[in-house]
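Numbers for residues simply follow the sequence, beginning at 1.
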Amino acid sequence: MTAASIVGWAHTPFGKFDAETVEGLVVKVANEAMADAGIAASDVDEIMLGHFNAGFSPQDFTASLVLQANPALRFKPTTRVENACATGSAAVHQGIRAIEAGAAKIVLVVGVEQMTRTPGPEIGKNLLKASYLPEDGDTVGGFAGVFGKIAQAYFQKYGDQSDALAMIAAKNHKNGVANPYAQMRKDFGFEFCRAESDKNPFVAGPLKRTDCSLVSDGAAALVLTDAETAKSMGKAINIRATAHAQDFLPMSKRDILQFEGCTTAWQRALQKGGLQLSDLSFVETHDCFTVAELIEYEAMGLTPKGQGARAIMEGWTQKDGKLPVNPSGGLKAKGHPIGATGVSMHVMTAMQLAGQAPEGMQLKDPQLGGIFNMGGAAVANYVSILEPAR
């Protein structure tokens with residue numbers, strides 16, 4: 001087990017917020033997370049901010065925006081962390097490292113992004129910065145186009161998976177209905193997700209609009225402490241294990257249908273935790289596109305290669321299945337404000353394990369929660385395994 005525990009958290013709704021700013025979102029969740037943990041700003045030893053930006057916000061160099069939450073945060077060591085769509089988990093893992101190294105006893109981690117003020121074509125350009133530009137910089141459809149190519153290649157190798165992708169989308173949208181933080185709380189059903197229509201057109205390759213996560217604004221935060229300090233706090237969720245595996249950026253240097261970095265990160269984390277995948281009560285995984293969740297079933301070891309569809313079509317990953325996946329609604333329904341996503345996944349998992357998830361979203365007595373957050377096309381791969389403090 002790592003030496004760190006989560007003892008407080010905060011989460012804004014995800015969505016489109018014209019009246020919000022990056023600074024306002026950061027200040028809000030920072031203060032709420034500290035209050036939830038029952039600590040004063042003066043108790044914080046170090047701060048990590050996850051913020052991708054890449055042109056979404058005019059203000060760059062954003063680490064010090066967290067200090068706006070409280071004057072007592074002034075002069076605290078504060079670092080902005082970035083690793084594409086895994087930025088939030090990168091910030092969480094850096095906070096855990098600070099605690100394990102003995103450099104800090106209490107770490108405040110914040111993740112934030114504001115994307116919706118950016119014009120559509122610019123959104124595509126910004127997101128493509130998380131791909132290898134010499135190969136993918138001219139991809140039609142932006143990052144959706146990158147995953148459209150992956151989906152097309154998967155279909156060519158393993159057959160048409162349109163039914164499975166629609167079932168994944170329908171599952172996550174249904175789960176999102178019970179999540180008050182989710183950007184889209186609507187149960188679209190399988191038939192709508194499966195059929196091409198004016199409201200659900202093809203976006204890239206075989207991917208339709210319902211296969212793609214949302215452009216979002218939002219923030220999340222959590223407070224980390226060492227496990228000993230956590231014993232005196234009001235609540236504590238222990239970090240059982242973490243792992244990070246970084247892969248090559250060019251897709252041409254690897255088999256993109258394998259998500260080998262995802263596999264490596266899961267294997268390392270499970271080994272560190274002395275666990276098997278079957279020990280987990282649920283998983284929050286990175287469904288930036290439905291085909292990503294499908295391949296992640298295989299990469300985590302839930303099914304053999306090329307058989308990911310079994311997991312969704314046989315009901316394994318439903319909320320009442322043998323391994324519920326994305327009970328929060330995932331990125332598909334919850335939204336995907338890049339820098340906030342990984343922190344959000346840790347908050348949602350901690351809520352579940354503390355028995356504090358919203359009604360309808362709460363699973364029955366979960367004991368171990370897994371998290372997989374991915375940057376780029378399986379480039380930055382982060383796994384965390386959480387459990388309630390005993």
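A salt bridge links D18 to K16: one of the charged nitrogens lies within less than 4.0 Å of a carboxylate oxygen. For D163 and R194, the salt-bridge test passes: some basic side-chain N is under 4.0 Å from an acidic carboxylate O. Taking a cutoff of 4.0 Å between a charged side-chain nitrogen and a carboxylate oxygen, K305 and E298 do not qualify as a salt bridge.
Checked by atom type, the side-chain pair H93/S384 shows a donor-acceptor distance below 3.5 Å. Q68 and E23 share a side-chain donor-acceptor pair at under 3.5 Å. In this model, no donor atom of one side chain and acceptor atom of the other lie less than 3.5 Å apart for Y382 and T242. Between H336 and T341, the side chains place a donor N or O and an acceptor N or O closer than 3.5 Å (distance only, hydrogens not considered). Side-chain atoms of E113 and H51 form a donor-acceptor pair, as typed in the model, at a separation below 3.5 Å. Between the side chains of S162 and D160, at least one donor-acceptor pair of N or O atoms lies under 3.5 Å. No hydrogens or angles considered: nothing links the side chains of Q114 and E20 as a donor-acceptor pair under 3.5 Å. Side-chain atoms of S197 and N200 form no donor-acceptor pair, as typed in the model, at a separation below 3.5 Å. Looking at S328 and N179, their side chains never bring a donor and an acceptor atom within 3.5 Å of each other. Side-chain N/O atoms of H173 and K332 include a donor and acceptor closer than 3.5 Å. No hydrogens or angles considered: a donor-acceptor pair under 3.5 Å links the side chains of E135 and S252. Judged purely by distance below 3.5 Å, without hydrogens or angles, the side chains of H286 and N373 pair a donor atom with an acceptor atom. There is a side-chain donor-acceptor pair under 3.5 Å between K334 and S344.
The side-chain heavy atoms of D211 and F289, taken from C-beta on, include no pair separated by under 4.5 Å. Using a 4.5 Å cut-off on side-chain heavy atoms (C-beta onward), F259 and M300 make no contact. Looking only at side-chain heavy atoms (C-beta outward), L323 and V283 come within less than 4.5 Å of each other. Counting only heavy atoms from C-beta outward, the side chains of Q161 and L294 approach each other to under 4.5 Å.
For the side chain to side chain donor-acceptor pair (under 3.5 Å) test with E296, the passing option among N381, T285, T263 is T285; the others fail.
Within 6.0 Å of the CZ atom in F248, the count of heavy atoms belonging to other residues, nucleotides or ligands does not exceed 12. Within 6.0 Å of atom CG in D138, 12 or fewer heavy atoms from other residues, nucleotides or ligands are found, so the atom counts as exposed in its surroundings. Residue Q59 places its CD atom among more than 12 non-hydrogen atoms of other residues, nucleotides or ligands, all under 6.0 Å distant. Annotation: R97, atom CZ; neighbour count of heavy atoms from other residues, nucleotides and ligands within 6.0 Å does not exceed 12.
Between Y154 and Y158, the angle of the ring planes lies from 30° to 60°, which puts this pair in the tilted group.
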Apply the test side chain to side chain contact (heavy atoms under 4.5 Å, CB included) to residues I312 and Q318: give CA-CA distance (whole Å), side-chain angles for both, the deciding distance (0.1 Å), then the verdict. CA-CA 7 Å; I312 184 66; Q318 298 287 353; 4.0 Å; yes
Apply salt bridge (charged side-chain N to carboxylate O under 4.0 Å, His left out) to residues K235 and D36 and explain how you reach the verdict. CA-CA 9 Å; K235 60 184 176 186; D36 187 57; 2.8 Å; yes
Could you go through N70 and L73, starting from their C-alpha distance and side-chain angles, then the distance that decides it, and tell me whether this counts as side chain to side chain contact (heavy atoms under 4.5 Å, CB included)? CA-CA 6 Å; N70 192 297; L73 296 177; 4.2 Å; yes
Chi angles and distances behind the side chain to side chain contact (heavy atoms under 4.5 Å, CB included) call for T210, F192: CA-CA 9 Å; T210 50; F192 178 85; 3.7 Å; yes
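In terms of modelled atom types and a separation under 3.5 Å, the side chain of S57 and the main chain of N53 share no donor-acceptor contact. A distance-only check finds no donor-acceptor pair linking the side chain of D136 to the backbone of T139 [under 3.5 Å]. The closest donor-acceptor contact from the side chain of Q183 to the backbone of V215 lies under 3.5 Å.
Sorted by first and then second residue, the side-chain hydrogen bond (donor to acceptor under 3.5 Å, both in side chains) pairs with a member in residues 116-131 read T116-D217; sequence neighbours excluded.
The nearest pair of heavy atoms linking E32 to A10 is CB-CB, 3.5 Å.
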